[in-house]
Amino acid sequence: MQDPKPSNLVVAEHIAKVQARLASACTDVYRNKDDVTLLAVSKRHPVDAIRQAYQAGLRQFGENFVQEGVDKIQALSALDITWHYIGRLQSNKAKLIARHFDWVQTVTTEKQLQLLSRYAAEHERTLQICLQVKLGDEASKGGLDQLEIEPLLEFANTCPNIAMRGLMAIPPASDHYDQQRQWFDGLAGVFERCKQRWPQLDTLSMGMSNDLEAAIAAGSTMVRIGTAIFGQRPIE
Ligand SMILES: *Cc1c(COP(=O)(O)O)cnc(C)c1O
(Lines give C-alpha, C1' and ligand atoms only; values in the text may rest on other atoms or scores of the structure.)
Protein backbone atom coordinates (compact mmCIF):
# COMPACT_ATOMS: atom_id res chain seq x y z
CA MET A 1 0.00 0.00 0.00
CA GLN A 2 1.23 3.51 -0.77
CA ASP A 3 1.74 5.95 2.04
CA PRO A 4 -1.05 8.50 2.03
CA LYS A 5 0.12 12.02 1.38
CA PRO A 6 0.55 14.18 4.45
CA SER A 7 -2.66 16.17 4.72
CA ASN A 8 -0.88 19.53 4.85
CA LEU A 9 0.37 18.89 1.32
CA VAL A 10 -3.16 18.06 0.22
CA VAL A 11 -4.59 21.31 1.60
CA ALA A 12 -1.75 23.33 0.05
CA GLU A 13 -2.31 21.64 -3.31
CA HIS A 14 -6.04 22.29 -3.14
CA ILE A 15 -5.39 25.95 -2.37
CA ALA A 16 -2.98 26.22 -5.30
CA LYS A 17 -5.67 24.78 -7.58
CA VAL A 18 -8.32 27.16 -6.29
CA GLN A 19 -5.94 30.10 -6.74
CA ALA A 20 -5.24 28.98 -10.30
CA ARG A 21 -8.99 28.76 -11.03
CA LEU A 22 -9.45 32.19 -9.51
CA ALA A 23 -6.61 33.73 -11.53
CA SER A 24 -7.83 32.16 -14.75
CA ALA A 25 -11.42 33.30 -14.14
CA CYS A 26 -10.11 36.85 -13.58
CA THR A 27 -7.97 36.77 -16.73
CA ASP A 28 -10.97 35.63 -18.78
CA VAL A 29 -12.86 38.83 -17.90
CA TYR A 30 -9.89 41.23 -17.68
CA ARG A 31 -10.08 41.51 -13.91
CA ASN A 32 -7.13 41.77 -11.53
CA LYS A 33 -6.95 38.67 -9.33
CA ASP A 34 -5.91 40.85 -6.39
CA ASP A 35 -9.41 42.33 -6.45
CA VAL A 36 -10.95 39.02 -5.38
CA THR A 37 -10.48 37.85 -1.80
CA LEU A 38 -10.32 34.12 -1.14
CA LEU A 39 -12.28 33.31 2.00
CA ALA A 40 -11.62 29.75 3.24
CA VAL A 41 -14.79 28.22 4.67
CA SER A 42 -13.59 25.89 7.43
CA LYS A 43 -16.87 24.83 9.02
CA ARG A 44 -16.74 21.29 10.40
CA HIS A 45 -13.06 20.94 9.59
CA PRO A 46 -10.56 20.75 12.45
CA VAL A 47 -8.25 23.47 13.72
CA ASP A 48 -5.34 21.62 12.18
CA ALA A 49 -6.80 22.03 8.69
CA ILE A 50 -7.06 25.78 9.29
CA ARG A 51 -3.44 25.86 10.39
CA GLN A 52 -2.44 24.14 7.16
CA ALA A 53 -4.38 26.62 5.06
CA TYR A 54 -2.78 29.44 7.06
CA GLN A 55 0.69 28.01 6.38
CA ALA A 56 -0.22 27.98 2.70
CA GLY A 57 -0.83 31.72 2.96
CA LEU A 58 -4.56 32.19 3.61
CA ARG A 59 -5.63 34.75 6.21
CA GLN A 60 -9.42 34.98 5.87
CA PHE A 61 -11.57 32.18 7.29
CA GLY A 62 -15.33 31.69 7.48
CA GLU A 63 -17.34 29.73 10.02
CA ASN A 64 -21.06 28.86 10.14
CA PHE A 65 -21.62 27.72 13.71
CA VAL A 66 -21.03 30.13 16.55
CA GLN A 67 -19.62 27.91 19.27
CA GLU A 68 -17.48 25.89 16.86
CA GLY A 69 -16.17 29.15 15.41
CA VAL A 70 -15.42 30.72 18.78
CA ASP A 71 -13.54 27.58 19.88
CA LYS A 72 -11.38 27.76 16.75
CA ILE A 73 -10.82 31.50 17.09
CA GLN A 74 -9.58 30.98 20.64
CA ALA A 75 -7.41 27.99 19.70
CA LEU A 76 -5.79 30.00 16.90
CA SER A 77 -5.60 33.39 18.60
CA ALA A 78 -1.83 33.54 18.02
CA LEU A 79 -2.37 33.58 14.24
CA ASP A 80 -3.13 36.69 12.23
CA ILE A 81 -6.55 35.59 10.94
CA THR A 82 -9.61 37.62 9.96
CA TRP A 83 -12.72 35.65 10.96
CA HIS A 84 -16.01 35.85 9.07
CA TYR A 85 -19.30 34.64 10.46
CA ILE A 86 -21.32 33.28 7.53
CA GLY A 87 -23.94 31.16 9.31
CA ARG A 88 -27.50 31.85 10.33
CA LEU A 89 -27.82 34.71 12.80
CA GLN A 90 -29.71 34.14 16.02
CA SER A 91 -30.25 37.04 18.41
CA ASN A 92 -29.07 35.05 21.42
CA LYS A 93 -25.70 34.50 19.72
CA ALA A 94 -25.13 38.11 18.67
CA LYS A 95 -23.05 38.89 21.73
CA LEU A 96 -20.58 36.03 21.19
CA ILE A 97 -20.33 36.84 17.50
CA ALA A 98 -19.69 40.54 18.09
CA ARG A 99 -17.01 39.74 20.59
CA HIS A 100 -15.05 37.20 18.56
CA PHE A 101 -15.67 37.58 14.83
CA ASP A 102 -14.38 40.40 12.60
CA TRP A 103 -17.02 40.18 9.87
CA VAL A 104 -20.68 39.14 9.84
CA GLN A 105 -21.98 38.42 6.34
CA THR A 106 -25.50 37.22 7.10
CA VAL A 107 -27.34 40.24 8.49
CA THR A 108 -30.98 40.57 7.40
CA THR A 109 -32.79 42.66 10.06
CA GLU A 110 -32.61 45.96 11.95
CA LYS A 111 -32.72 44.06 15.21
CA GLN A 112 -29.61 42.07 14.31
CA LEU A 113 -27.80 45.29 13.40
CA GLN A 114 -28.83 46.92 16.66
CA LEU A 115 -27.62 43.99 18.74
CA LEU A 116 -24.34 43.61 16.86
CA SER A 117 -23.77 47.35 17.11
CA ARG A 118 -24.44 47.42 20.85
CA TYR A 119 -22.22 44.43 21.65
CA ALA A 120 -19.44 45.58 19.34
CA ALA A 121 -19.47 48.92 21.16
CA GLU A 122 -19.26 47.15 24.53
CA HIS A 123 -16.12 45.41 23.35
CA GLU A 124 -14.79 48.54 21.64
CA ARG A 125 -14.62 46.86 18.26
CA THR A 126 -15.97 47.64 14.82
CA LEU A 127 -17.74 44.86 12.94
CA GLN A 128 -17.51 44.59 9.16
CA ILE A 129 -20.98 43.77 7.86
CA CYS A 130 -22.57 42.38 4.69
CA LEU A 131 -26.29 42.06 4.16
CA GLN A 132 -27.43 38.67 2.95
CA VAL A 133 -29.64 38.91 -0.12
CA LYS A 134 -32.03 36.25 -1.32
CA LEU A 135 -31.54 35.01 -4.87
CA GLY A 136 -34.39 33.03 -6.35
CA ASP A 137 -37.23 32.07 -4.06
CA GLU A 138 -35.60 29.27 -2.14
CA ALA A 139 -36.94 30.18 1.27
CA SER A 140 -34.48 27.85 2.98
CA LYS A 141 -31.49 30.01 2.09
CA GLY A 142 -32.85 33.10 3.79
CA GLY A 143 -31.90 36.64 2.91
CA LEU A 144 -33.41 39.99 2.04
CA ASP A 145 -35.71 40.72 -0.84
CA GLN A 146 -34.27 43.37 -3.13
CA LEU A 147 -36.66 46.07 -1.93
CA GLU A 148 -35.54 45.56 1.67
CA ILE A 149 -31.86 46.23 1.02
CA GLU A 150 -31.68 50.01 0.76
CA PRO A 151 -33.79 50.71 3.86
CA LEU A 152 -31.50 48.43 5.87
CA LEU A 153 -28.39 50.14 4.48
CA GLU A 154 -29.89 53.46 5.58
CA PHE A 155 -30.55 52.09 9.04
CA ALA A 156 -27.00 50.71 9.27
CA ASN A 157 -25.67 54.24 8.80
CA THR A 158 -27.14 55.12 12.18
CA CYS A 159 -25.48 52.20 14.02
CA PRO A 160 -22.21 52.85 15.84
CA ASN A 161 -19.37 50.31 15.59
CA ILE A 162 -20.79 48.91 12.37
CA ALA A 163 -18.89 49.25 9.07
CA MET A 164 -21.21 48.32 6.22
CA ARG A 165 -19.15 46.62 3.51
CA GLY A 166 -21.57 45.11 1.02
CA LEU A 167 -23.79 42.23 0.01
CA MET A 168 -23.55 38.45 0.14
CA ALA A 169 -25.71 35.72 -1.35
CA ILE A 170 -26.02 31.97 -1.66
CA PRO A 171 -27.83 31.27 -4.93
CA PRO A 172 -29.88 28.13 -5.54
CA ALA A 173 -27.55 25.26 -6.51
CA SER A 174 -27.04 24.85 -10.24
CA ASP A 175 -24.40 23.09 -12.31
CA HIS A 176 -25.09 25.28 -15.32
CA TYR A 177 -22.83 28.25 -15.91
CA ASP A 178 -25.55 30.30 -17.62
CA GLN A 179 -27.96 29.80 -14.74
CA GLN A 180 -25.23 30.64 -12.20
CA ARG A 181 -24.37 33.79 -14.16
CA GLN A 182 -27.98 34.85 -14.17
CA TRP A 183 -28.17 34.81 -10.36
CA PHE A 184 -24.80 36.51 -9.92
CA ASP A 185 -25.45 39.17 -12.57
CA GLY A 186 -28.72 39.98 -10.83
CA LEU A 187 -27.00 40.55 -7.51
CA ALA A 188 -24.17 42.49 -9.14
CA GLY A 189 -26.75 44.88 -10.60
CA VAL A 190 -28.27 45.45 -7.17
CA PHE A 191 -24.80 46.01 -5.72
CA GLU A 192 -23.94 48.62 -8.36
CA ARG A 193 -27.15 50.52 -7.59
CA CYS A 194 -26.37 50.48 -3.85
CA LYS A 195 -22.84 51.73 -4.53
CA GLN A 196 -24.21 54.80 -6.24
CA ARG A 197 -25.71 55.88 -2.92
CA TRP A 198 -23.05 54.34 -0.65
CA PRO A 199 -19.74 54.50 -2.53
CA GLN A 200 -17.88 53.01 0.45
CA LEU A 201 -19.45 49.59 -0.22
CA ASP A 202 -16.64 47.42 -1.55
CA THR A 203 -17.64 43.81 -0.98
CA LEU A 204 -19.75 41.57 -3.16
CA SER A 205 -19.47 38.17 -1.49
CA MET A 206 -20.60 35.49 -3.92
CA GLY A 207 -19.21 32.31 -5.43
CA MET A 208 -18.42 28.95 -3.82
CA SER A 209 -16.46 25.84 -4.85
CA ASN A 210 -18.91 24.94 -7.60
CA ASP A 211 -19.54 28.35 -9.17
CA LEU A 212 -16.61 30.66 -8.49
CA GLU A 213 -15.93 31.24 -12.21
CA ALA A 214 -19.45 32.54 -12.86
CA ALA A 215 -19.31 34.68 -9.72
CA ILE A 216 -16.01 36.28 -10.72
CA ALA A 217 -17.26 36.95 -14.24
CA ALA A 218 -20.25 38.73 -12.70
CA GLY A 219 -18.06 40.91 -10.43
CA SER A 220 -17.61 39.06 -7.15
CA THR A 221 -14.98 40.57 -4.85
CA MET A 222 -14.97 37.67 -2.35
CA VAL A 223 -15.41 33.98 -3.03
CA ARG A 224 -16.22 31.65 -0.12
CA ILE A 225 -14.57 28.29 -0.74
CA GLY A 226 -14.95 25.24 1.50
CA THR A 227 -14.97 21.88 -0.27
CA ALA A 228 -12.39 22.76 -2.94
CA ILE A 229 -9.88 23.62 -0.18
CA PHE A 230 -10.63 21.23 2.68
CA GLY A 231 -12.38 18.37 0.88
CA GLN A 232 -15.83 17.03 1.71
CA ARG A 233 -17.13 18.02 5.11
CA PRO A 234 -17.54 15.11 7.51
CA ILE A 235 -21.15 13.98 7.87
CA GLU A 236 -22.59 15.20 11.18
C1 LIG B 1 -20.47 26.08 3.37
C2 LIG B 1 -20.56 27.44 2.79
C3 LIG B 1 -19.70 27.84 1.75
C4 LIG B 1 -18.68 26.93 1.09
O5 LIG B 1 -19.31 26.06 0.22
P6 LIG B 1 -18.44 25.01 -0.66
O7 LIG B 1 -19.43 24.55 -1.66
O8 LIG B 1 -18.02 23.92 0.28
O9 LIG B 1 -17.31 25.75 -1.24
C10 LIG B 1 -19.80 29.15 1.30
N11 LIG B 1 -20.69 30.02 1.83
C12 LIG B 1 -21.53 29.67 2.82
C13 LIG B 1 -22.48 30.67 3.37
C14 LIG B 1 -21.49 28.37 3.32
O15 LIG B 1 -22.35 28.03 4.30
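Numbers for residues simply follow the sequence, beginning at 1. Just so we're clear, the structure is a prediction, and the values are computed from it rather than from any experiment. Whatever order the structure lists ligands and atoms in, that order sets their numbers, starting from 1.
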Q: For a quick check: using heavy atoms under 4.0 Å, what are the residues in contact with ligand 1, sorted by chain and number?
A: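 Around ligand 1, where the cutoff is 4.0 Å for heavy atoms, the contacting residues are V41, K43, N64, I86, M168, I170, M208, S209, R224, I225, G226, T227, R233.
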Q: Specify whether Y85 and F101 have parallel, tilted or perpendicular ring planes, treating 30° as the upper limit for parallel and 60° as the lower limit for perpendicular.
A: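 Perpendicular: the ring planes of Y85 and F101 meet at over 60°.
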Q: Please enumerate all residues that pass side chain to side chain donor-acceptor pair (under 3.5 Å) together with R59, with sequence neighbours excluded.
A: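 Side chain to side chain donor-acceptor pair (under 3.5 Å) list for R59, sorted by chain: empty.
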Q: Which of these, R88, K43, K93, K72, sits in a salt bridge (Lys or Arg N to Asp or Glu O under 4.0 Å) with E63?
A: K72
Q: List the atom pairs, donor and acceptor, that lie under 3.5 Å between side-chain atoms in residues 74-84 and the rest of the protein, sequence neighbours left out.
A:
residue: S77; atom: OG; partner: Q74; partner atom: O; Å: 3.4
residue: H84; atom: ND1; partner: Q105; partner atom: NE2; Å: 3.0
residue: H84; atom: NE2; partner: Q60; partner atom: OE1; Å: 2.7

Q: For a 4.5 angstrom cut-off between non-hydrogen side-chain atoms, does D102 reach L127?
A: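 No; the side chains remain at least 4.5 Å from each other.
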Q: Quick test of your reading: applying side-chain hydrogen bond (donor to acceptor under 3.5 Å, both in side chains), list the pairs with at least one residue in residues 176-193, sequence neighbours left out, ordered by first then second residue.
A: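 Counting only pairs at least two positions apart or across chains, the side-chain hydrogen bond (donor to acceptor under 3.5 Å, both in side chains) contacts touching residues 176-193 are Y177-R181, R181-D185.
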